[in-house]
Amino acid sequence: MQKPTLPKGTRDFGPEQMRKRLFIFDTIRQIFQQFGFQPIETPSMENLSTLTGKYGDEGDQLLFKILNSGDFAAGITELDLASGSKKLTPKIAEKGLRYDLTVPFARYVVMNRNSLTLPFKRYQMQPVWRADRPQKGRYREFYQCDADVVGTDSLLCEAEIVLMIHEAFRNLAIQNFTLKVNNRKILAGIAEVIGAPGQEGTLSVAIDKLDKIGKEKVLDELRERGFSEETLVSLEPLFLFGSATPYQTLDQLKNWLSASDTARQGITELEEMLLLVDQYGLSDSRVEIDPTLARGLSYYTGAIFEVKANGVSIGSVSGGGRYDNLTGAFGMPGLSGVGISFGVDRIYDVMEELNLFPADTGQGTHVLIVPFDKEARSVALPLLNQLRTAAVAAEMYPDLSKVKKMLDYANAKNIPFVVLIGSEEVQTGILSLKNMVTGEQFKVTTEELMDRLR
RNA sequence: GUGAUUGUAGCUCAGUCGGUUAGAGCGCCGGAUUGUGGUUCCGGAGGUCGCGGGUUCGAGCCCCGUCUUUCACCCCA
């Protein structure tokens, strides 16, 4: 006998945790549906050719690969083995576990292009896998809840993402959050204006760390990566953005980046998005324009979003952005999309840390029926039926055991009411209803009991 | 992938300098109480000290390897 264990970075979820997780899923699903998104699901595994090359070199490293079925080693030569894992992998693994929900969605859109009505709004709530080293707020298997729109470049979609994020976190009682917004075109414009056109990728990776490692270390990293002192001096205005209002920040950006058409376009896009949000009537907006926000995924081309819960040391709980050509990789160019992803597991961690789960989340059994002997069941079973028909979550203790044991069971499951049925109750038809919280016990008729429990 | 860190009863953790039979609290089971729980009292079960090797007369404790936990970096939800 060996002790069973779980693979690194994976977890079981017991009933207590599932109540809370389902609360998060239900809350997000409801919002997605209110905003007109339709659910789809895609397989856990995709062909590796679908997944590789979409997330950068780092991402490819983090893909879980699935060994081919059958004799995966058949046809492998000494030469293959000697040529290293990178060359060998495609020969022994042609499938992998999905890394996110966006790329499988792009694949879905391309495969169903003829039957989809554009713009297509879909949501998807499924696990994804990454071969990362686990640490705080980071798991190897975790759930994402994605909502994306493809087939339109309307900025209303960006605005609706802003609205859904506000709605979601407020419904989850996470009031204190920041929605950071930037635009890849602004990042490209910055690279242009400081004299390093086309370098926005490297630039972004460095300045994204600003609030974590500080200005000097960001500059050090850029120097290491070949940025000249001249460009670094030109970058100076980037470090002067304080906690201004979104419109003020955009004005500052306009002044600084006026020489770049690309940047001006990015700024205009964000302005229009903010205007639409205002017209909709969002109150107490948590939007913050952050020109240092970069985000990793290489396919973003327009707006980018990231949500951080304040007061907890857990990374971003939500992220997304616009991608102009994701389906291009699958032979369908020119289709623009934008989406958002909620990280359920991190949201859970945040809510747990801040104690934000409502006490009565997904209440379980409402009443336990406790028959003292076999005869009592003739009264208990019809009552059980009646309770369930009236939509009262009810169960009967299955074994004939000591009353103590049955009441212990009710306590362990946090069942608030117990109906006791013995020979006395069978004869009179009057039932004993016990409130397990207060300890009070009442003699009631079946009708009175139903009234109290409904 | 890099650098740390953790592992002893179901859970949280003690365990001295390497020395006899590895302990506590909580939980669990039984009884006090055969129709009444959450309080109290009494009793009981439960351990391959993560796993494998090494040093030693002797290892929970020292050494090596490995797995696992947690954390930071990289990157990310």
Side-chain angles (χ1 to χ4, degrees), chain A residues 1-11 14 24 28 55-63 85 98-102 125-146 165 204-206 208-209 212-213 217 221 293-298 304-309 313-321 339-350 368 370-373 376 397 400-426 431-442:
Chain A
M1 268 296 258
Q2 54 162 1
K3 278 184 194 168
T5 54
L6 285 172
K8 189 199 284 271
T10 66
R11 296 142 316 144
I24 298 173
I28 293 173
Y55 310 107
D57 285 346
E58 290 272 358
D60 287 355
Q61 293 282 310
L62 298 179
L63 286 173
S85 58
R98 77 164 95 76
Y99 177 92
D100 70 0
L101 300 177
T102 309
M125 308 175 49
Q126 290 189 274
V128 303
W129 294 269
R130 295 182 189 178
D132 236 350
R133 279 239 195 138
Q135 53 177 282
K136 187 171 189 185
R138 178 174 300 187
Y139 309 98
R140 288 185 146 184
E141 177 182 61
F142 60 97
Y143 274 76
Q144 291 191 329
C145 300
D146 277 33
I165 286 170
S204 303
V205 171
D208 194 37
K209 297 174 196 161
K212 207 167 181 179
I213 62 175
K217 294 217 164 142
E221 183 170 334
L293 174 68
R295 292 190 51 74
L297 294 176
S298 41
I304 44 184
F305 305 98
E306 188 162 288
V307 180
K308 176 91 185 57
S313 55
I314 291 166
S316 56
V317 290
S318 189
I340 185 69
S341 178
F342 291 87
V344 173
D345 303 77
R346 283 190 177 175
I347 290 173
Y348 183 101
D349 290 344
V350 167
L368 176 75
V370 168
F372 292 147
D373 49 40
Y397 196 85
L400 296 171
S401 51
K402 291 186 180 174
V403 177
K404 172 176 162 53
K405 189 160 184 162
M406 298 194 264
L407 293 179
D408 280 341
Y409 176 82
N411 282 329
K413 276 189 84 172
N414 267 319
I415 300 173
F417 291 99
V418 165
V419 180
L420 300 150
I421 304 175
S423 54
E424 194 183 311
E425 284 81 2
V426 173
L431 304 166
S432 295
L433 176 66
K434 189 176 180 70
N435 181 324
M436 294 299 281
V437 180
T438 62
E440 297 169 294
Q441 192 166 324
F442 309 95

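Since we're looking at a predicted model, the values are computed, not measured. Below, read A as the first sequence line, B as the second, and so on, with proteins coming before strands; counting in each chain starts at 1.
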Roughly how many Å apart are [M] and [N], using the [atom1] atom of each and rounding to a whole number?
N     : M     : atom1 : answer
B:G1  : B:C57 : C1'   : 46 Å
B:U5  : B:G44 : C1'   : 38 Å
B:C61 : B:C49 : P     : 10 Å
B:U66 : B:C73 : P     : 25 Å
B:U70 : B:A24 : P     : 30 Å
B:C62 : B:U6  : P     : 11 Å
B:C74 : B:G60 : P     : 42 Å
B:A9  : B:G46 : C1'   : 6 Å

Quiz item: In terms of the nearest nucleotide of RNA chain B, which residue is placed more toward the 5' end: A:Asp408 or A:Gly343?
Solution: A:Asp408
Quiz prompt | 5' precedence on RNA chain B between A:Thr5 and A:Phe372 (nearest-nucleotide basis) | solution =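 Of the two residues, A:Phe372 wins.
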Quiz item: Does the side chain of A:Ile340 come within less than 4.5 Å of A:Asp146's, by heavy atoms?
Solution: no
Quiz item: Is there a Watson-Crick or G-U wobble partner for B:C26 with both distances under 3.5 Å, and which nucleotide is it?
Solution: B:G10
How many angstroms lie between [atom1] in [X] and [atom2] in [Y], if you round to the nearest 0.5 Å?
X        : Y        : atom1 : atom2 : value
A:Phe417 : A:Asn435 : CZ    : CG    : 4.5 Å
A:Lys8   : A:Arg133 : NZ    : CZ    : 6.5 Å
A:Glu306 : A:Ser341 : CD    : OG    : 11.5 Å
A:Glu440 : A:Lys434 : CD    : NZ    : 9.5 Å
A:Gln126 : A:Cys145 : CD    : SG    : 10.0 Å

Nearest whole Å is fine: how far is [N] [atom2] from [X] [atom1]?
X        : N     : atom1 : atom2 : result
A:Tyr99  : B:C76 : OH    : C1'   : 6 Å
A:Leu63  : B:C75 : CG    : C1'   : 13 Å
A:Glu440 : B:G37 : CD    : P     : 17 Å
A:Gln61  : B:U2  : CD    : C1'   : 13 Å
A:Arg133 : B:U2  : CZ    : P     : 7 Å
A:Tyr409 : B:G38 : OH    : C1'   : 17 Å
A:Lys434 : B:G38 : NZ    : C1'   : 10 Å
A:Glu221 : B:C73 : CD    : C1'   : 12 Å

Exercise. Could you tell me whether A:Lys209 atom NZ has more than 12 heavy atoms of other residues or ligands within 6.0 Å of it?
Key: yes
Quiz item: Is the count of non-hydrogen atoms from other residues, nucleotides or ligands lying under 6.0 Å from A:Gln441 atom CD greater than 12?
Solution: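 Correct, the count exceeds 12.
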Can you identify which nucleotide, out of [options], has its nearest atom closest to the [X] side chain?
X        : options             : result
A:Glu58  : B:A77, B:C74, B:U36 : B:C74
A:Lys209 : B:G37, B:G35, B:C75 : B:C75
A:Lys402 : B:G31, B:G30, B:G37 : B:G31

Are any of [X]'s side-chain N or O atoms less than 4.0 Å away from OP1 or OP2 of [N]?
X        : N     : result
A:Lys136 : B:C76 : no
A:Lys212 : B:C73 : yes
A:Gln135 : B:A72 : yes
A:Lys8   : B:U68 : yes
A:Lys404 : B:U34 : no

Check this for me: does the side-chain of [X] come within 3.5 Å of the base of [N] through a donor and an acceptor?
X        : N     : result
A:Gln441 : B:G35 : no
A:Ser423 : B:G35 : yes
A:Arg138 : B:C75 : yes

Applying a 4.0 Å non-hydrogen cut-off, can you work out what [X] is touching in the nucleic acid: base, sugar-phosphate, or nothing?
X        : answer
A:Gly422 : base
A:Glu425 : base
A:Gly137 : base
A:Phe342 : nothing

Quiz prompt | ring centroid sep under 5.5 Å plus plane angle under 30, A:Phe142 with B:A77 | solution = yes
